[in-house]
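Working notes for the structure below.
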Amino acid sequence: MSETATIAATAEPKNYLTNRHTIQSWLFTVDHKRIAILYLISLTVFFLLGGAAAALFRLDLMTPQADLLQSETYNKLFTMHGIVMIFFFLVPSIPAVMGNFLVPVMIGAKDVAFPRLNLLSWYVFMAGGLIALGAIISGGVDTGWTFYTPYSSMYANSHVILAVAGAFIAGFSSIMTALNFIVTIQKMRAPGLTWFRLPLFIWAMYATSLVVILGTPVVAITLVMIFIERFFQFGLFDPALGGDPVLFQHLFWFYSHPAVYIMILPSMGVISEIVSCFSRRRLYGYTFVAFSSLAIAVIGFFVWGHHMFVSSQSAYAGLIFSFLTFFVAIPTAIKILNWIMTMYKGSISFDTPMLYAYGFLGLFTIGGLTGLFLSTMATDIHLHDTYFVVAHFHYVMVGGGVMGFLGALHFWWPKMTGRMYPEGWAKFAAIVIFIGFNLTFFPQFQLGYHGMPRRYHTYAEEFQILHVMSTAGASVLGAGYLIMAAYLGWSLFKGKRASANPWDARGLEWETTSPPPTENFLSTPTVTQEAYAYDKPSVTHVPPEEKRV
Amino acid sequence: MSEHHVMPIRVYLTIIAILMALTVATVWVAFLDFGYLNTVIAVGIAVIKALLVVMYFMHLKYAAPITRLFAGAGAVFFVILIAITLSDYRSRDWFPFPEPWEQAHEAPASH
Amino acid sequence: MSSHAHAHVAHHFESAEQQRQSAQLGMWIFLVTEVMFFGGLFAAYVVYRSLYPEAWVVGSHLLSIGLGGFNTAVLLASSLTMALAVHAAQTDKRNATAMWIVLTMVLGFVFLGVKVVEYAGKFEHHLVPGAHFHVDPMAELAKLEAAGVHVGQHLRHAFETANPSHVQLFYSLYFAMTGMHAVHMIIGAGLMIWLLANTLKGRYSSAYYNPVEVTGLYWHFVDIVWIFLFPMLYLIGRH
Amino acid sequence: MKSVFNILPEQASTVASHVDAIYLFLIAISVVFTLLAAGLVIVFGVKFRRRPDGPAPEKPHEDSRLEMAAGAFLLVLLLVLFGWGAKVYFQNTRPPADAMEILVTGKQWMWKLQHPNGRREINTLHIPVGKPVQLTMTSEDVIHSFFIPAFRVKQDVLPGRYTRLWFQATKTGRYRLFCTEYCGTEHSMMGGWVNVMTAADYERWLSGEVAGAAQETPVQAGERLFTQLGCQTCHNAGSGALGPNLAGVFGHTVKLADGSEVIADEEYLRESILNPHAKLVAGFAPVMPVFKGIINEDQLLQLIAYIKSLSGASN
């Protein structure tokens with residue numbers, strides 16, 4: 001701290017971190033970069049909470065019997081893990097932290113279109129999070145994060161209303177952020193920054209925001225319907241009145257399937273930036289990648305029924321949902337091809353962000369391919385609600401989503417904090433996380449095909465060996481995360497000073513100081529070339545004397 | 001400066017007159033028997049009323065193309081949500097199912 | 001200070017025009033989320049109505065077309081006054097702006113008042129879903145006939161076959177949909193008070209009237225929801 | 001029981017090998033594509049690693065032919081997968097007409113099963129090998145799901161509705177039975193075994209209990225209920241009967257009072273018992289009492305079994 005203070009006291013121009021130091025200057029800030037930091041801190045806490053829950057039940061699953069936890073506690077823990085990780089970590093992760101920090105900088109704007117709304121979104125997020133935590137502290141929720149009726153609406157005796165309220169409120173926060181991004185990207189791009197000069201991260205954020213805008217309100221009203229049913233005793237899904245619990249599943253998955261794209265599209269945007277930068281080559285098939293983000297966002301709304309093949313949904317509806325699901329696979333697969341082809345004849349260096357990109361490519365490929373097992377109707381009948389599904393979505397959401405998030409964190413860490421992290425430790429942690437992840441989740445594919453149902457507290461003894469492997473892997477994974485937390489924390493105070501453009505990357509965010517000043521640029525930049533112009537030298541908008549070495 | 005479109009008050013008055021007339025019409029039509037068309041007519045009139053409000057009171061007719069695109073997207077996804085959900089319910093008792101699996105009639109594979 | 005256009009351009013915008021377009025687009029995107037929000041309820045309505053059409057006929061006959069129609073007219077009128085408020089702001093007529101805003105708000109409260117009367121009636125007649133819900137379609141049919149309503153074959157059939165549980169489902173949706181609409185009305189009324197205060201302080205002019213305009217968009221949207229709710233809830237199977 | 005390290009678990013039903021064939025095909029695709037992707041990034045990583053004196057990379061050509069070709073190839077591959085998966089699914093959707101029917105009621109946290117001759121059991125299902133078996137399932141409370149991994153079959157079980165599942169076992173033995181839809185506190189305890197026996201053993205098992213106490217079949221229980229509840233006073237073949245004659249109704253089209261037609265399946269019978277006025281048969285007055293809250297799910301299944309037997313639909 002004292003060092004930061006002395007730096008600020010010198011002739012250095014003030015940046016967004018150092019221009020004011022009071023608590024109020026953080027809690028009432030409208031600077032998108034500071035809001036991003038607020039989100040980063042809150043999300044880290046939620047990630048630790050969700051991870052702790054997972055660690056506990058993973059430990060309990062070492063043996064087939066119930067030894068560590070009671071059934072009720074076990075059910076509450078996996079519910080908490082799901083709610084916290086989905087609604088309070090994965091959905092906001094890259095948009096709220098990286099998007100908030102980068103969208104205005106990347107398009108050369110001073111801030112997002114509605115800065116006060118942006119701050120409000122953080123408060124709303126925190127309110128939702130605290131209410132959900134309240135539900136957990138006051139006794140917990142045992143419905144699973146999917147809140148299926150009629151269990152959630154009529155049978156569960158836990159704090160469903162509070163949990164539903166928390167998720168509902170958090171939904172508003174993502175809507176506010178998404179709305180802000182669309183308007184910002186639409187209306188506030190710097191002169192010369194045409195649509196096809198935009199970084200692909202911006203395209204990904206735009207597509208993600210569309211999904212949030214169109215999907216989140218539907219889950220919001222669906223959660224309100226659960227609330228109405230529990231609180232006012234109105235039977236909206238009550239079978240005794242002729243209500244249909246499967247209708248809840250339709251409404252729920254109308255959001256929650258596209259929500260998978262909310263979690264993965266931003267990561268795809270990040271990977272595009274990283275692969276391009278560390279291959280020193282413009283992304284292969286820029287236009288295709290840009291439009292495929294939008295295509296995935298739109299097609300993603302037509303496939304929700306593939307979560308319901310055994311729900312008693314009409315076989316014909318299932319047929320159509322299965323058919324359309326295969327179509328989402330095509331743009332996704334071609335994107336992987338694009339990233340690989342970008343490396344072809346590139347000049348590849350293996351800095352930490354690139355290691356995460358490699359991890360993403362491997363894990364997300366497996367996650368995507370195992371999705372085919374679940375969109376094929378005959379195999380889904382067998383695999384539905386087994387550990388195969390658990391493994392599949394962890395490969396997509398952690399292998400894809402979280403790997404992208406960590407890649408982004410390392411790629412833009414120098415920009416956000418003005419410090420470099422220790423490269424050796426970072427590489428080590430990336431490799432540990434990759435290995436630990438595979439050890440944890442690969443055995444679960446096998447468990448699933450052999451019939452191990454998900455959400456089981458106790459299980460048949462023949463499954464034990466694979467569960468033990470999974471738990472062992474989880475401890476490696478956990479160790480990887482802890483190493484990362486340690487060296488990132490260390491780097492905040494002791495890390496080497498970062499230059500404006502430590503990776504020699506292209507893009508407006510690299511043409512301002514690290515960390516950027518409050519309004520991002522000293523004067524509004526003008527863009528004269530396309531994105532990823534790695535064949536040309538970096539265009540400098542920052543006078544040399546302001547650059548740190 | 002088409003964005004700053006100031007409409008003459010006369011337009012607003014015409015629109016409100018049409019809206020009120022359509023309200024009376026929809027009530028009147030509800031008491032006549034057109035079979036299943038009653039629903040179509042009721043929703044049709046509501047759509048016309050909504051379009052009038054959107055186009056004139058909300059100035060969408062004079063708004064930027066991107067604004068109109070978003071308004072349109074809202075309507076389209078609203079319809080998608082309802083139509084696809086309903087398609088499940090309408091096709092649940094469709095007959096006939098495909099023939100049962102021929103192997104069912106074969107001799108058991110083993111004992 | 002209100003006369004300077006530049007005074008209203010926030011620091012991060014380049015021009016008043018950019019700011020205005022952003023506000024407008026932002027509000028429209030918000031309205032898209034509102035469309036999808038109500039979409040969930042409409043989907044439930046459409047599905048259950050397709051499953052239980054006769055219960056929907058019975059349910060709607062127990063609602064008052066008079067009150068519903070009156071409220072429709074009130075809301076449409078409030079949309080007009082709101083549009084006129086925006087018009088007055090666009091043409092620098094501050095007093096007129098304030099007057100139209102007040103009128104819009106009053107019409108909004110009239111709507112809510114009528115809604116309270118309707119809800120109270122449903123409460124009295126045990127039509128609020130829950131343990132006390134009670135409806136006897138045959139008794140209701142007899143009441144209709146006693147009141148001299150022409151009961152055609154379809155209508156009689158609907159009353160004879162409707163399952164009271166399904167009628168309860170209709171009322172669950174009726175209260176969920178109109179309740180959610182009323183919540184939006186109350187928020188709208190709150191926005192009107194805020195607009196009025198700022199209008200009286202002279203914050204708005206032809207150079208800067210974004211809040212009046214975007215609040216208007218919201219108000220019109222709430223009106224549109226009712227334009228659909230009225231026929232869908234009150235007018236089914238009246239023939 | 002096969003080891004969990006085998007690629008495939010035990011196959012014990014006619015459908016299992018068909019599902020496994022698709023599964024193995026999918027694994028082959030996954031291995032090929034994973035190795036391809038991993039191989040390419042590793043080869044490129046080595047071959048094009050950054051060298052201090054290396055040439056500056058060229059800008060890639062904006063050329064969509066590779067993407068188009070990849071897309072077309074994937075489209076064909078995925079359509080094959082879709083078609084194959086859908087074919088096996090649909091083939092297995094509708095039970096064969098001669099399937100033996102077993103009634104299933106799920107409740108927190110047990111499976112209640114009843115055989116055609118009336119024998120009941122909980123959490124263990126005895127079935128004969130080589131004979132198609134159809135489960136008609138409902139739930140007393142929340143959604144459950146009936147899953148037999150060795151048979152590769154699964155179906156959600158819902159309150160207020162009937163769902164069906166059918167299979168034909170190919171091997172005698174004991175196989176796991178699970179509930180796979182999360183249903184509350186003891187969800188993981190809701191399951192047991194499927195005992196596949198030879199036909200002779202099954203017959204012996206079935207009659208094992210009948211020898212002791214008099215055992216009602218579901219049809220007999222349904223018939224007794226039919227009499228107890230006074231159903232036959234209206235539902236008889238007499239000319240002035242107040243209700244429709246139920247002989248030969250099941251599985252056939254019924255004309256309703258409003259002019260529409262329905263097929264008298266389990267759902268229709270259920271609704272007509274619980275709430276007779278909803279879909280009134282043409283030519284009859286709405287005079288039947290409502291049985292909702294008077295009979296439970298098990299009794300309802302028995303009544304339906306009896307009505308089915310009147311059409312010769314039951315076995």
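Remember, it's a predicted structure, so these values are computed and weren't measured experimentally. What's counted below: heavy atoms across the whole structure, side chains too, no hydrogens, waters or symmetry copies. Lettering of chains follows the sequences in order, A, B, ..., and the numbering in each one begins at 1.
- The contact between A:L210 and chain B is made entirely by side chain atoms (from C-beta outward), counting heavy-atom distances below 4.5 Å.
- Between A:F301 and B:F77, the two ring planes are perpendicular [angle over 60°; tilted spans 30° to 60°].
- In this structure, A:V246 and B:R92 have side chains that are in contact, with non-hydrogen atoms separated by less than 4.5 Å.
- Here CD1 of A:I320 is found 7.0 Å from OG of B:S91. Values are rounded to the nearest 0.5 Å.
- With a 4.5 Å cut-off on non-hydrogen atoms, A:V218 touches chain B through its side chain but not through its backbone.
- A distance of 6.0 Å separates CG of B:D88 from CE of A:M308, quoted to the nearest 0.5 Å.
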Check your understanding: What do the steps show when you test A:W304 against B:T85 for side chain to side chain contact (heavy atoms under 4.5 Å, CB included), and what is the final call?
Key -> CA-CA 10 Å; A:W304 77 80; B:T85 305; 3.6 Å; yes

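- Proximity of A:F321 to B:I84: side-chain heavy atoms (C-beta onward) are separated by under 4.5 Å at one or more points.
- Contacts of A:Q313 with chain B are made by both backbone and side-chain atoms, with heavy-atom separations under 4.5 Å.
- Contacts between A:L247 and chain B at a heavy-atom distance below 4.5 Å involve backbone atoms as well as side-chain atoms.
- Residue contact with chain A, scored on non-hydrogen atoms closer than 4.5 Å, involves the side chain of B:I66 exclusively.
- At least one side-chain heavy atom of A:I182 sits less than 4.5 Å from a side-chain heavy atom of B:F70.
- A side-chain donor-acceptor contact under 3.5 Å links B:Y89 and A:D244.
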